[in-house]
> 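Handing you this structure, nothing more for now.
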Amino acid sequence: MASVSSQPQFRYTQPPSKVLHLRNLPWECTEEELIELGKPFGKVVNTKCNVGANRNQAFIEFADLNQAIAMISYYASSSEPAQVRGKTVYLQYSNRQEIVNNKTTADIAGNVLLVTIEGQDARLVSIDVLHLVFSAFGFVHKITTFEKTAGFQALVQFSDAETATSAKNALDGRIIPRYLLSDNIAPCTLRITYSAHTDLSVKFQSHRSRDYTNPYLPVAPSAIDGSSQFNLGLDGKKLEPESNVLLASIENMQYAVTLDVLHMVFSAFGPVQKIAMFDKNGALQALIQYPDVQTAIVAKEALEGHCIYDGGFCKLHLSYSRHTDLSIKLNNDRSRDYTIANPPLVNPQPSALGQQPIQTMGQASHQYNGTQYAAPGMGQPMMPPQPSAGWGASGVSAVPQSMPAQMTNHNPYIPPASMPQMSHGMMQMPGQSGVPPPTSSMPHFRPNHM
DNA sequence: AGCACA
């Protein structure tokens, strides 16, 4: 026979089949629910759920064609539509005569998860955020990310299938907590299946892949230049070349932002060499200089979109400056060179802040060995997003297994589970003059407490 | 709300 395929895509009358196609199902509809639905009409011999791009379609196959016809006929004339969990589902004959269950991967539990990140800004989700999210369920060995037709995806490797399963059960279909992302990143939903992989091959630490079991793995050369693809302007602005100097714009500046405040905030990520503050179009801006690009990248990633003060005040917007070395003519309340011994001018540099054991950074082979990447002052691995923030990770340890030298989280602003609504990722500052008394119970941002 | 997957 030649082709029969010139039919319209959607036919309103279809030849009967003992297989029915169901749509508009609720998320995560189970086989049991499908069987319940079909049982009154006959024997359901097979089902397939979570079908389609939205995974809200399914098939049920009856033992006998007449049973399928009975079900279609019933709902065709019923005043009550077919429902699953109160949601109307639409039924029609499938254009196939039987369900083929390719139960190969995807349904066989394994230690590696295939994660699809859905959402407008899915590719702005950094591998570090993913690491943080999944670390709530156990030690994450490796992560690789890639783009497929399905979108932005990641493979996340755990020690065992049990851990992977707990993560999958808790996270599948959930969004990445807002407080892990900058304000203006659209919500990102996680779709999780099992991968057939058991051990990912990670050759380099890069912005696409990480091996947390091997901190000495070389860093991909591309990671140095290519990282900014994940530091895209939040509204899709073009790439800026990375720099060791950050340009900070401060929005909604209801409270004073002093040089010392900036110094404290930015010192959490590495030694701040110089700061210059100035006004631009009535808004405060500042240039913050680090000794190396990597530190600036980390600081930018962690701070972008966050607010210095609780309540959405003094929100930081960061970009890379074209400067590489600021010229500070004199130390005053708007500019400071921390690399030269200060004559005791105004406030000498806040004690402890300049005292961090700062190793020389910038050796490419050690870029990801943790000590450098993790913000100083963050002596502990960060608190993970607590499942109670909405993920039903019952019985799952919310604390990530302590990890050896590796990248822990870089985002020092993870609020505890009690603050599930921290959608704009605020941080608290130690009291400074003119600072409103913080009201929340957020963990303190204490860059000066080692 | 519109046909599966490797």
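Since we're looking at a predicted model, the values are computed, not measured. Here is how names work: the chains are called A, B, and so on, in the same order as the sequence lines, proteins then strands, and each is numbered from 1.
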> Could you tell me whether the side chains of A/Thr47 and A/Glu31 share a donor-acceptor contact shorter than 3.5 Å?
yes

> Check the pair A/Phe137, A/Phe158 against ring-ring contact (aromatic ring centres under 6.0 Å, His included), reporting the backbone distance first and the verdict last.
CA-CA 9 Å; A/Phe137 304 90; A/Phe158 286 101; 7.3 Å; no

> Quick one: A/Arg96 CZ to B/dG2 P, roughly how many Å, whole number?
16 Å

> Answer yes if the side chains of A/Asp160 and A/Thr163 hold a donor-acceptor pair under 3.5 Å, and no otherwise.
yes

> Just the rounded figure in Å: distance from P of B/dA4 to CG of A/Asn50.
14 Å

> In whole angstrom, give the distance that lies between atom CH2 of A/Trp27 and atom C1' of B/dA1.
12 Å

> As a test of reading the structure: which of B/dA4, B/dA1, B/dC3 is closest to the side chain of A/Lys48, going by heavy atoms?
B/dA4

> What contact category does A/Val89 fall into here, base, sugar-phosphate, or nothing, at under 4.0 angstrom with non-hydrogen atoms?
nothing

> Can you confirm if the NZ or CZ of A/Arg191 lies within 45° of the ring axis of A/Trp27 and under 6.0 Å from the centre of its six-membered ring?
yes

> Quick check on B/dC3: is either OP1 or OP2 less than 4.0 Å from any side-chain nitrogen or oxygen of A/Arg23?
no

> Assign A/Glu98 to base, sugar-phosphate, or nothing according to its heavy-atom contacts below 4.0 angstrom with the strands shown.
base

> Report the nucleotide, chosen from B/dA1, B/dC3, B/dA4, that has the shortest atom-to-atom distance to any side-chain atom of A/Val51.
B/dA4

> Separation of A/Leu25 atom CG from B/dG2 atom P, in whole Å?
11 Å

> Between A/Arg191 (CZ) and B/dA4 (C1'), how many Å, whole number?
17 Å

> Round to a whole Å and report the spacing from CD1 of A/Ile108 to P of B/dC5.
15 Å

> Between C1' on B/dG2 and CD on A/Gln14, what's the gap in Å once rounded to a whole number?
9 Å

> Going by ring centres under 5.5 Å and near-parallel planes (under 30°), is A/Phe59 stacked on B/dA4?
yes

> Atom CD1 of A/Ile72 to atom C1' of B/dG2: distance rounded to whole Å?
13 Å

> Where the side chain of A/Val100 is defined as all heavy atoms beyond and including C-beta, which of B/dA4, B/dG2, B/dA1 is the nearest nucleotide?
B/dA4

> Toward the 5' end of DNA chain B, which comes first, A/Gly52 or A/Lys87, by nearest nucleotide?
A/Lys87

> Are A/Ser182 and A/Asn184 linked by a side-chain donor-acceptor pair shorter than 3.5 Å?
no

